[in-house]
2 protein chains.
Amino acid sequence: MIRPGAPTLEDVARAAQVSTATVSRCLNSPERVVEATRLRVLAAVDRLGYSPNFGARALAARRTDTIGAIIPTMENSIFARGIQAFQEELRAHKLTLLIASSSYRPDQEADQIRTLTARGAAGFLLIGHDRNSEIYSFLKRQGVPVLVAWVYDPNNPQPSIGFDNRSSMRALAARVIELGHRDIAMISAGQAFNDRARDRVSGVRDAMELSGLEPQSLRLMETTYGIESGADAFSALMAAETRPTVVMCGNDVLAAGALKRARQMKLRVPEDISITGFDDIELARLLEPALTTVHVPHREMGRQAARMLVDMVEGGAPQASIELQTTLQMRDTLGPPRTV
Amino acid sequence: MIRPGAPTLEDVARAAQVSTATVSRCLNSPERVVEATRLRVLAAVDRLGYSPNFGARALAARRTDTIGAIIPTMENSIFARGIQAFQEELRAHKLTLLIASSSYRPDQEADQIRTLTARGAAGFLLIGHDRNSEIYSFLKRQGVPVLVAWVYDPNNPQPSIGFDNRSSMRALAARVIELGHRDIAMISAGQAFNDRARDRVSGVRDAMELSGLEPQSLRLMETTYGIESGADAFSALMAAETRPTVVMCGNDVLAAGALKRARQMKLRVPEDISITGFDDIELARLLEPALTTVHVPHREMGRQAARMLVDMVEGGAPQASIELQTTLQMRDTLGPPRTV
DNA sequence: AAGGAGAATGTAAGCGCTTGCAAAAAGAAT
DNA sequence: ATTCTTTTTGCAAGCGCTTACATTCTCCTT
C-alpha cells in the first residue's frame, strides 16, 4: 500500500530550478509568480506527472476545504438528488465533498464520522437528528459543525434544514381519510434512531385523531428498508381478517414493494387497495399505476444545505433552521375505499 | 475552514503522561504496550475526543490503506450494487474506499482521479477502458495500479474484470431475431468514451449479420443517460414512417424511459412494440410489464474486483483479466412482432 | 546479589507541504 | 548613476504523525 516513486514538490522544484516555495506558489497563487517561471514550473509538473499530497498540504496549510456527508444508503435515489445538488453547490465554493453511507446503522455512522473527520472534514451534513450524544460531543471537541438535513425541527438546538415530516404526512393522511378511508395500515421503516420515520407515523396518527378516528387503531408494520421488505410487510398486512383499505408507506421504496406485491396478489390498485408513498423519487412516476406520494424539494434542500454549512464552517455564526415545504403529489395509487 | 482546537497526539501524550510514540503504539499495535499504560492512554484519547489526522499519519507511515473508485453516476443503481460489494470486500481487507462520480464526462473523471490520488488512493477501480492515455501515464508515474471493471477485453493489456458486453448483447439480439423481429431499433448511450455502449451496439449488429439481416439497417438513436432521454429517443424512433417492432436499449434506465413513453403513447408492450434493457437493475422487475434484459452479476464482479485490486496494490503482480458470464433475463417486455 | 535477556518506553528524525520573513532582482524616480 | 519601491524568489520552521534506534525497566537465572 505504498507509492514509492511518486514525485514530490521537491522533485518538481529541482526539475524547474526553483525553490519548493515557488512551486507551491505556482500551484496555489499563480499570480504571485512571474510568467516565465510559472511556465517552467508547470511544464515540470506536467512532465513529472506530479500530484500534490493532500495530507501534507492540509497539515501545512491547516485547512482542508473538505466537507463530509453521511447518508443512510446509496442503494437508491432517495438521497441521490439532494446530495448531488449539495455537492454541486459545494464545488462552486471550491470545497470537496466526501460521502459515506451508514446502511441505516448508528454504529456505522459513528465510524464513518470518525473516519471522515480524520480525513479532514471541516463540517458535516447528517440526516436526521437521532444519534448518540457522544457523537455530538466528539464533533464539538473537534470543532466540526454539523448541519442536520431531511428534517426540520425548530425545537432542536442543532441547526437543521428540511421539512416537517410529521405535518407533511398528516396532510397526506388527512386527504386519505377525506376520501373515506377508515381502516388505515402503515408500513414504516424502523423508528429507532430515525426521527423521520417516527414523525411520519405520528403524522398519520395526528390526522386520525383530528378526524375522530382512534389513533391506536392504525395497523402499523415496521420493517427494514428495501423493496422486498415493503412487499413482505404488505403481505403480512393483507393476511389480516379484515383488510385495510389503504396502506400508507413511510417512503417510496417501501411503497414500490407494496405495490409490486399487490400486483402479484392480483389486487387492483387503487380499486381494491390504495397505496401511498413519501419522497417522490423518480421511481414513483415510473410505477404502474403511478404512485401518490409526498413531494420533497430535494434539490433545493441540497443547495441550501450547502450554503448553510459553508457559513457555519467559515463564519462560525450559529444558523437558524430552515423549513422547506412539501407538496402532495396526487397520482394514481390512491382512490376512495372499495365500499363506501 | 480550520479546526483550531482539535486535540493532537501530543495532547493525548501529555494527558496520559507518556511519549507520543507510546500513544501511537497504543493506537496501531496495542499488543506492544503494557495494559496499564494502554488503559491510561485510551482513557485520555476518549476524554479528549482525539481523532487521528489521516494526512499526518499517511505522511509518516507512507501508507494510506485507501482505494479509489470513479463511477459514471450515482444517480441510479446501475453501479450501486457492484460498488457496494466492492466496498464490503475492501473493508474486510481493512481498506477504505473513496468514491467519486464523473457524470459520464472524461474531463471530470480525470479531475476526480487527480483528486483521489492526492488524497492517497493507492489503486483505482475505473469503469470501462476508454479514456485518454494521459491519465494512464499519469497513474503509472504515480505508481498507482488500475483495474477496469464492467467490461472484459482480453486484448487490452490493462487488467479488467467484467463481462463481454458485445457477445452478451449479441445473445439477446439473437433471441429477439429468433422471435421474428426484422425491424430493429436501438437506443444507445453516447458511444464516445464508452466502450460498453459501443460494444452493445456492435453486439446487436453482429446478431443481425449472423441472421442475414443488413447490420446497417439498425435504426440507432444515441442519447444522453437518463429516463427522460430514453423516453424522447423512443418518441423519435416511433415517429418514423414504418415503426420498428422492437426497441433494444443499451441499459435498463433508457429502457425504463422508453417503456414509460410507450405507455403514454398507449402502445401495448410487447404486443405493439417490444422493449429490452441491459443490466438487470432492481427497477427492471418493478416496471410493468417487467423488463426483459441481460442480467449482470454485479455483486460477484464487485467482490472479485476488490480481491484483484488488493493483489495488484500489494503484490504488484500483473493480473490476468477475468470474465464473468451474463444471462438473459426473459421477462415480459419482449414478445413476437405484431405481424409475423 | 549480580548479570543478562527481553519487554516497555522514550528520543528524535523526517514524511511533503505552506508561509512568514528576509534577501535579491527589477523598475521608477531622481 | 543612485536611491527607493515594488515585485519575485528563497530560507527554514513546523504542521501531526510513525518508527528505527537507544534507553530504561522487569524479571529470570545463576
Side-chain angles (χ1 to χ4, degrees), chain A residues 1-42 44-45 48-66 117-120 122 142-143, chain B residues 1-42 44-45 48-66 117-120 122 142-143:
Chain A
M1 214 81 3
I2 322 177
R3 288 204 276 129
T8 71
L9 241 212
E10 205 177 332
D11 296 330
V12 176
R14 204 174 309 119
Q17 318 233 47
V18 294
S19 71
T20 59
T22 300
V23 179
S24 173
R25 280 188 282 254
C26 272
L27 268 22
N28 299 310
S29 38
E31 74 285 355
R32 294 195 45 200
V33 174
V34 77
E35 185 168 358
T37 314
R38 193 185 336 137
L39 260 34
R40 191 151 37 95
V41 170
L42 293 182
V45 164
L48 298 183
Y50 168 75
S51 165
N53 179 318
F54 168 81
R57 170 181 292 192
L59 205 52
R62 321 176 62 75
R63 187 161 40 77
T64 63
D65 297 335
T66 300
T117 303
R119 288 187 116 91
Q142 288 286 329
Chain B
M1 211 85 3
I2 322 178
R3 288 205 272 128
T8 73
L9 243 212
E10 204 178 332
D11 296 331
V12 176
R14 204 174 309 119
Q17 317 233 47
V18 294
S19 71
T20 60
T22 299
V23 179
S24 173
R25 280 188 283 254
C26 274
L27 266 22
N28 300 309
S29 37
E31 74 284 357
R32 296 195 45 200
V33 173
V34 78
E35 184 166 0
T37 314
R38 195 184 335 139
L39 260 35
R40 191 150 37 92
V41 170
L42 293 181
V45 165
L48 298 182
Y50 169 76
S51 165
N53 178 320
F54 168 80
R57 169 182 293 193
L59 205 51
R62 319 177 62 76
R63 188 161 40 77
T64 62
D65 298 336
T66 300
T117 303
R119 290 186 114 93
Q142 288 286 328

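Order of the sequence lines sets the chain letters (A, B, ...), proteins ahead of strands, with each chain counted from 1.
One atom, CD of E10(B), and another, C1' of dG14(D), lie 12 Å apart when rounded to the nearest Å. Taking atom CZ on R38(A) and atom P on dT8(D), their separation rounds to 9 Å, with Å as the unit. Protein atom CZ of R14(A) is 12 Å distant from nucleotide atom P of dC17(C), rounded to whole Å. One can place CZ of R40(B) at 14 Å from P of dA8(C), the figure rounded to the nearest angstrom. The CG atom of L59(B) sits 8 Å away from the P atom of dC17(C) (whole-angstrom rounding). Rounded to an integer number of Å, the gap from CZ of R62(A) to C1' of dG20(C) is 14 Å. The CG atom of N28(B) sits 17 Å away from the P atom of dG16(D) (whole-angstrom rounding). In this structure, L27(A) atom CG and dT18(C) atom C1' are separated by 12 Å, rounded to whole Å.
Side-chain N or O atoms of R40(A) include one that pairs as donor or acceptor with a backbone N or O of A16(A) at under 3.5 Å. A donor-acceptor contact shorter than 3.5 Å links the side chain of Q142(A) to the backbone of G49(B).
In terms of phosphate contacts, N53(A) brings no side-chain nitrogen or oxygen within less than 4.0 Å of OP1 or OP2 of dC15(C). At dT18(D), one or more side-chain N or O atoms of R57(B) fall inside 4.0 Å of OP1 or OP2 (strictly under the cut-off). In terms of phosphate contacts, T8(B) brings no side-chain nitrogen or oxygen within less than 4.0 Å of OP1 or OP2 of dC15(D). A sub-4.0 Å separation between OP1 or OP2 of dT19(C) and a side-chain N or O of R63(A) is present.
The shortest distance between side-chain heavy atoms of T66(A) and F54(A) falls below 4.5 Å. You'll find the side chain of V18(A) reaches within 4.5 Å of the side chain of V23(A), heavy atoms only.
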Would you list the protein and nucleotides 22-25 of chain C atom pairs, both N or O, that sit under 3.5 Å from each other?
none

Pairs under 3.5 angstrom, nitrogen or oxygen only, protein versus nucleotides 10-12 of chain C, please.
{"residue": "dG10(C)", "atom": "OP2", "partner": "S19(B)", "partner atom": "N", "Å": "2.8"}
{"residue": "dG10(C)", "atom": "OP2", "partner": "S19(B)", "partner atom": "OG", "Å": "3.1"}
{"residue": "dG10(C)", "atom": "OP2", "partner": "T22(B)", "partner atom": "OG1", "Å": "2.7"}
{"residue": "dG10(C)", "atom": "N7", "partner": "R25(B)", "partner atom": "NH2", "Å": "2.8"}
{"residue": "dG10(C)", "atom": "O6", "partner": "R25(B)", "partner atom": "NH1", "Å": "3.3"}

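Here the side chain of A56(B) is nearest to one of dT9(D), dG16(C), dC17(D), namely dC17(D). Ranking dT19(D), dT9(D), dC17(D) by closeness to the A61(B) side chain, first place goes to dT19(D).
If V34(B) and V23(A) are placed on DNA chain C by their nearest nucleotide, the residue sitting closer to the 5' end is V34(B).
Looking at every heavy atom in both residues, N28(A) comes nearest to P30(A) through C-CD, 3.6 Å. Taking every heavy atom of both residues into account, S51(A) and T117(B) meet most closely at OG-CG2, 3.9 Å.
Applying the 6.0 Å contact sphere to CD of E35(A) captures no more than 12 heavy atoms from other residues, nucleotides or ligands.
We find the CZ-OG1 distance between R25(B) and T20(B) to be 9.0 Å, quoted to the nearest 0.5 Å. With rounding to the nearest 0.5 angstrom, the CZ atom of R38(A) is 12.5 Å from the CZ atom of R32(A). L42(A) CG to T37(A) OG1: the interatomic distance, rounded to the nearest 0.5 Å, is 10.5 Å.
Among the protein residues, Y50(A) comes within range of the sugar-phosphate backbone only, with heavy atoms under 4.0 Å from sugar or phosphate atoms but none that close to a base.
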